[in-house]
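This report refers to the structure that appears directly beneath it.
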2 protein chains.
Amino acid sequence: MSLIFSRQCEYAIQALIYLAKKTETEWISIKEIADHINIPQHFLGKIFQMLSNKGILKSKKGLQGGFCLSKPSSDINLKDIVDTIDGVAYSTACVAGFPNCSNDSPCPLHNSWKDLREGIVKMLKMRNLKQMADEISKPGYN
Amino acid sequence: MSLIFSRQCEYAIQALIYLAKKTETEWISIKEIADHINIPQHFLGKIFQMLSNKGILKSKKGLQGGFCLSKPSSDINLKDIVDTIDGVAYSTACVAGFPNCSNDSPCPLHNSWKDLREGIVKMLKMRNLKQMADEISKPGYN
DNA sequence: CTATATTAAGACAAATTACTCTTATTATCA
DNA sequence: TGATAATAAGAGTAATTTGTCTTAATATAG
């Protein structure tokens with residue numbers, strides 16, 4: 001099997017949207033998030049460490065501690081998250097793994113994939129956490 | 001890290017394009033293919049077993065044996081290959097892994113992803129092995 | 001200021017994916 | 001028709017990803 005994003009990345013997106021729904025100054029614990037979106041608590045801890053190291057989250061230890069966004073939710077887009085967790089290969093590497101594929105010397109899939117890939121990157125840049133947190137609060141969304 | 005297709009699937013695509021360049025009746029050995037496209041020989045063997053079981057390839061044991069396409073190369077498209085190796089999740093599952101995401105109750109990414117996904121599926125259906133084998137033979141392609 | 005509960009961080013284990021080695025099959029040639 | 005070499009098939013191993021358990025840090029209450 002294979003998907004666009006790793007499991008870690010999926011969890012990161014879900015968790016950060018949950019976080020973006022909260023007030024920006026509140027410290028939220030991993031336990032609360034993991035329980036709400038139903039994912040492994042300590043696995044999320046590891047993911048949030050990465051996001052902290054890259055400056056997307058701030059963390060605070062001890063009682064009443066937790067995590068919070070380090071910037072306004074409208075300043076964090078999907079590409080920031082995906083690039084941090086999964087790296088940028090999805091936006092640069094050959095989709096079929098041909099070793100010498102490039103714009104100059106394309107593989108037979110290169111040009112078919114080009115526009116699709118650009119569409120994906122564009123979308124990831126467009127969508128930010130604030131938008132998504134707002135949407136998820138609308139009726140009909142989950 | 002994470003990409004659209006698994007490593008197995010990338011190898012399958014490359015190997016089948018190589019096969020499509022040959023005459024349709026010839027039996028080609030795994031060793032020849034693996035050497036040419038520079039991938040692990042026995043790993044390719046396993047991949048070709050799957051493709052044989054699903055009816056995309058025919059195999060023949062013993063001296064002068066090997067594999068060949070079970071249909072004309074123009075009748076095998078990328079979607080056939082991807083679906084066989086990686087399954088169909090990429091075309092149906094929620095891109096961010098939200099457990100209850102659907103058209104009726106979409107996640108905040110669902111509608112942004114919808115058209116992109118459909119574009120990918122459409123492309124995979126459009127491109128067949130013959131086209132790709134022809135392209136790879138043109139100057140400038142690899 | 002000390003004990004404790006709560007939390008993040010980091011070490012460890014399981015599952016999956018990628019890869020390699022061995023065995024079984026079979027066409028060919030002596 | 002039997003030995004042999006080439007081949008697919010399948011068993012076994014390594015690496016990566018996912019998930020869990022343990023330890024270290026710290027805010028708070030007494």
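Bear in mind the structure is a predicted one, so any value in this text is a computation, not a measurement. Chain letters run A, B, ... following the sequence lines, proteins first, then strands; residues in each count from 1.
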C:dT17 OP1/OP2 closer than 4.0 Å to side-chain N/O of B:Arg7: no
Interatomic distance, B:Ile39 CD1 vs C:dC19 P [rounded to whole Å]: 9 Å
Approximate separation, where rounding is to 0.5 Å, of B:Trp113 CH2 and B:Cys101 SG: 12.0 Å
Between P of C:dA3 and CG of A:Leu63, the distance in whole Å: 17 Å
Selected nucleotide, minimal atom distance to B:Gln49 side chain, candidates D:dA9, D:dA8, C:dC19: D:dA9
Interatomic distance where CG belongs to B:Leu44 and C1' belongs to D:dA9 [whole Å]: 13 Å
Contact check, side chains of A:Gln8 and A:Phe43, non-hydrogen atoms, under 4.5 Å: yes
Upstream residue (5' side of DNA chain D) when A:Lys46 and B:Ser59 are each assigned their closest nucleotide: B:Ser59
From D:dA27, C:dC19, C:dA11, nucleotide with atom closest to B:Tyr11 side chain: C:dC19
Sugar-phosphate, base or nothing in reach of A:Phe67, heavy atoms under 4.0 Å: sugar-phosphate
Any B:Lys58 side-chain heavy atom under 4.5 Å of B:Phe67 side chain: no
B:Phe43 side chain, from C-beta outward: closest of D:dG19, C:dA18, D:dA8: C:dA18
Sugar-phosphate only, base, or nothing, as touched by B:Gln64 at under 4.0 Å among non-hydrogen atoms: sugar-phosphate
Sugar-phosphate only, base, or nothing, as touched by A:Lys60 at under 4.0 Å among non-hydrogen atoms: sugar-phosphate
Listed nucleotide nearest any side-chain atom of B:Lys61, set D:dT20, C:dA27, C:dT26: C:dT26
Spacing of A:Gln41 atom CD relative to C:dA9 atom C1', expressed in whole Å: 12 Å
Spacing between B:Asp86 atom CG and C:dA18 atom P, to the nearest angstrom: 8 Å
Sugar-phosphate, base or nothing in reach of B:Gly45, heavy atoms under 4.0 Å: nothing
Nucleotide nearest B:Pro40 when distance is taken to its side chain, options C:dT7, D:dA8, C:dC19: C:dC19
Salt-bridge contact B:Glu32-B:Lys22 (side-chain N to carboxylate O under 4.0 Å): yes
Residue that, paired with B:Asn128, satisfies side chain to side chain contact (heavy atoms under 4.5 Å, CB included) out of B:Gln131, B:Met126, B:Lys125: B:Gln131
Separation of C:dC19 C1' from B:Met50 CE (nearest whole Å): 13 Å
Nucleotide C:dC19, atom P - distance to CD of B:Gln8 in whole Å: 9 Å
Length of the NE2-C1' vector between B:His42 and D:dT13, whole Å: 14 Å
